[in-house]
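See below for the structure under consideration.
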Amino acid sequence: MILKPTRRGVLAGGGAFAAGLATPFLARAQSYKPEYKISTVVGAPFPWGLGAERWANLVRERSGGKINMKVYPGASLVGGDQTKEFTAMRQGVIDMAVGSTINWSPQVVELNLFSLPFLMPDHKAIDAITGGEAGKKLFEIIGGKDVEPLAWGENGFRELSNSKREVRKPDDLKGLKIRVVGSPLYNETFTALGANPTQMSWADAQPALSTGAVDGQENPLTIFTVAKLHTVGQKYVTLWGYVADPLIYAVNKQVWGSFSPEDRKIVRDAAVEAAQYNKELARKGITQADPSTLKEIEGLGVTVTRLSDAEIKAFRDATRAVYDKWKPRVGNDLVATAEKAVSARSS
Ligand code: X2X
């Protein structure tokens, strides 16, 4: 059925020689889908969703409309269960994703690296890991699982919020019900701190906060502001920067293989540019040089607590056993490479 018109078209275009050259091209052109679905957990105007939109727009523009990518936020392609996103992409149920390392860590255990408490003290530390040997190794691992990773974006440093009280020391967390996601590493971290962690998706988290079924959560401040978490009772924010989740821009391998080399370059370059834009947005307003987002949150009547180094050390000490336990699970070499990159980073 498909072959006949193709052959006729090719032969009409100039005989057997041209047919030999042109067939692979036509076969490929025919296999392009009308739409490529990008999965994300949050859409625009979160930096995460804006990055995914930018990726789609750049590719549409540069491919002359041939590659049409569409963002599906809310992990809607996996029924809201964000921890199934990687499997769905691997199986080709979804074509592409801008996914959090946390959500993919149940399938890619090495991605728990970024969830080791207090591994990364600042943005330079994240960049030293993702931009160095450890980042390369992680892309190789993902590349071995039917997924082509293209670029590192960012959700961000995950700060703690709750509805009950200011948290300055581990003891303040005692008995607080905290929503977490992803890997058992989070359960262990919060249990070590005396809190009462409970796993749930982002879709379930907001109603749970709103009804008081849980007291608190941890997420980047851009998620806090855009999702207006102060309206679901989150009155206290502690800046402790205990983990950060990078995002990975990625494509199912079969889809990737179906693109011409020129189109692959378009998709990869666009991912790198969009991820850079995403990172800039994710880092805006939360640094000491530019605290505008922090001010905005305080303006909402939220108490924002910045911990001193000594106060952070108390949390680090309390979670050290979890770090040590997970180090071999993540991979001793990989963690050592990441630790070295962090201590050698430029300041
Ligand atoms: O569910 C979360 O907390 C979120 C939105 O940050 C992730 O998808 C990891």
Side-chain angles (χ1 to χ4, degrees), residues 47-48 51 86 97-145 147-159 181-183 185-186 188-189 218-223 239-250 268 271-284 286-287 309 312 315-316 319-320 322-347:
W48 185 339
F86 188 84
V98 178
S100 162
T101 47
I102 296 176
N103 296 329
W104 295 1
S105 63
Q107 292 84 37
V108 188
V109 71
E110 294 87 350
L111 287 177
N112 281 293
L113 175 70
F114 300 102
S115 302
L116 291 174
F118 303 100
L119 166 66
M120 299 175 291
D122 50 32
H123 288 128
K124 288 208 162 116
I126 306 177
D127 293 341
I129 293 177
T130 56
E133 277 308 304
K136 226 161 91 191
K137 178 80 197 156
L138 287 166
F139 270 18
E140 273 169 33
I141 292 166
I142 292 168
K145 294 183 191 284
V147 167
E148 182 74 23
L150 302 178
W152 293 99
E154 192 152 296
N155 192 17
F157 276 107
R158 301 180 69 88
E159 313 296 5
V181 71
S183 119
L185 172 45
Y186 284 92
E188 293 178 30
T189 299
E218 44 78 69
N219 245 307
L221 295 177
T222 56
I223 298 264
L239 306 178
W240 63 340
Y242 81 127
V243 300
D245 56 328
L247 302 176
I248 299 175
Y249 290 59
R268 184 187 296 280
V272 170
E273 286 176 43
Q276 184 54 36
Y277 168 68
N278 159 201
K279 252 189 289 197
E280 282 161 19
L281 292 178
R283 294 178 183 188
K284 230 172 130 238
I286 58 168
T287 58
D309 289 348
I312 286 183
F315 284 96
R316 180 198 292 268
T319 53
R320 191 65 210 185
V322 179
Y323 187 112
D324 293 341
K325 178 177 160 192
W326 276 79
K327 187 171 174 176
R329 292 195 190 171
V330 171
N332 282 324
D333 288 351
L334 181 64
V335 177
T337 305
E339 286 168 342
K340 252 183 246 149
V342 171
S343 33
R345 77 194 183 282
S346 59
S347 49

Query raised in the report: Between R329 and N112, is a side-chain contact (heavy atoms from CB on, under 4.5 Å) present by the stated rule, with each step listed?
Result: CA-CA 9 Å; R329 292 195 190 171; N112 281 293; over 6 Å; no

Query raised in the report: Which is it for V243 and F157 under the side-chain contact (heavy atoms from CB on, under 4.5 Å) test, yes or no, and what are the steps along the way?
Result: CA-CA 6 Å; V243 300; F157 276 107; over 6 Å; no

Requested in this report: For side-chain contact (heavy atoms from CB on, under 4.5 Å), just list the numbers for R283 and E154, CA-CA rounded to whole Å, side-chain angles, deciding distance to a tenth of an Å, and then say yes or no.
Outcome: CA-CA 9 Å; R283 294 178 183 188; E154 192 152 296; 2.8 Å; yes

Report task. Go through K137 and E133 one step at a time and tell me if the side-chain contact (heavy atoms from CB on, under 4.5 Å) criterion holds. Result -> CA-CA 6 Å; K137 178 80 197 156; E133 277 308 304; over 6 Å; no

Query raised in the report: Can R316 and D309 be said to form a salt bridge (charged side-chain N to carboxylate O under 4.0 Å, His left out), step by step?
Result: CA-CA 10 Å; R316 180 198 292 268; D309 289 348; over 6 Å; no

Query raised in the report: Is there a salt bridge (charged side-chain N to carboxylate O under 4.0 Å, His left out) between R268 and E273 once you walk through the steps?
Result: CA-CA 9 Å; R268 184 187 296 280; E273 286 176 43; over 6 Å; no

Query - Derivation of the side-chain hydrogen bond (donor to acceptor under 3.5 Å, both in side chains) call for S100 and D245 - result: CA-CA 6 Å; S100 162; D245 56 328; 2.8 Å; yes

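A heavy-atom distance below 4.5 Å is found between the side chains of V322 and L185. Using a 4.5 Å cut-off on side-chain heavy atoms (C-beta onward), L111 and F86 make no contact. For the pair V108 and I141, the minimum side-chain heavy-atom distance is below 4.5 Å. At a threshold of 4.5 Å between non-hydrogen side-chain atoms, the residues R345 and P121 count as touching. Between V335 and N332 there is no side-chain heavy-atom pair separated by less than 4.5 Å. Proximity of S115 to I102: side-chain heavy atoms (C-beta onward) are separated by under 4.5 Å at one or more points. Residues F139 and I248 are in side-chain contact: their nearest non-hydrogen atoms beyond the backbone lie under 4.5 Å apart. Considering only heavy atoms from C-beta on, I129 comes within 4.5 Å of M120 through its side chain.
Remark: Y277 pairs with no residue by the ring-ring contact (aromatic ring centres under 6.0 Å, His included) rule, at least two apart or across chains. With sequence neighbours excluded, no residue forms a side chain to side chain donor-acceptor pair (under 3.5 Å) with K340. Taking T222 as the reference, nothing meets the side chain to side chain donor-acceptor pair (under 3.5 Å) condition, with sequence neighbours excluded. Annotation: ring-ring contact (aromatic ring centres under 6.0 Å, His included) contacts of W48 (sequence neighbours excluded): none. For Y242, the ring-ring contact (aromatic ring centres under 6.0 Å, His included) criterion is met by F190, W240, not counting sequence neighbours.
How far CG of L116 is from CZ of R320: 9.0 Å, rounded to the nearest 0.5 Å. Atoms OH and CZ, on Y323 and F118 in that order, are 12.0 Å from each other to the nearest 0.5 Å.
In this structure a side-chain-to-backbone donor-acceptor pair under 3.5 Å is missing from R158 to A244. At least one donor-acceptor pair under 3.5 Å links the side chain of E159 to the backbone N or O of G241.
Across every non-hydrogen atom of P106 and G182, the tightest pair is CG-O, 3.8 Å. Minimum interatomic distance between S183 and S105 (heavy atoms only, all atoms of both residues): CB-OG, 3.6 Å. The minimum heavy-atom distance between A282 and P47, with the atom names listed, is N-CB, 3.9 Å.
Residue pairs satisfying the salt bridge (Lys or Arg N to Asp or Glu O under 4.0 Å) criterion with at least one member in residues 106-121, sequence neighbours excluded, are absent.
Between W152 and F114, the distance from one ring center to the other falls under 6.0 angstrom.
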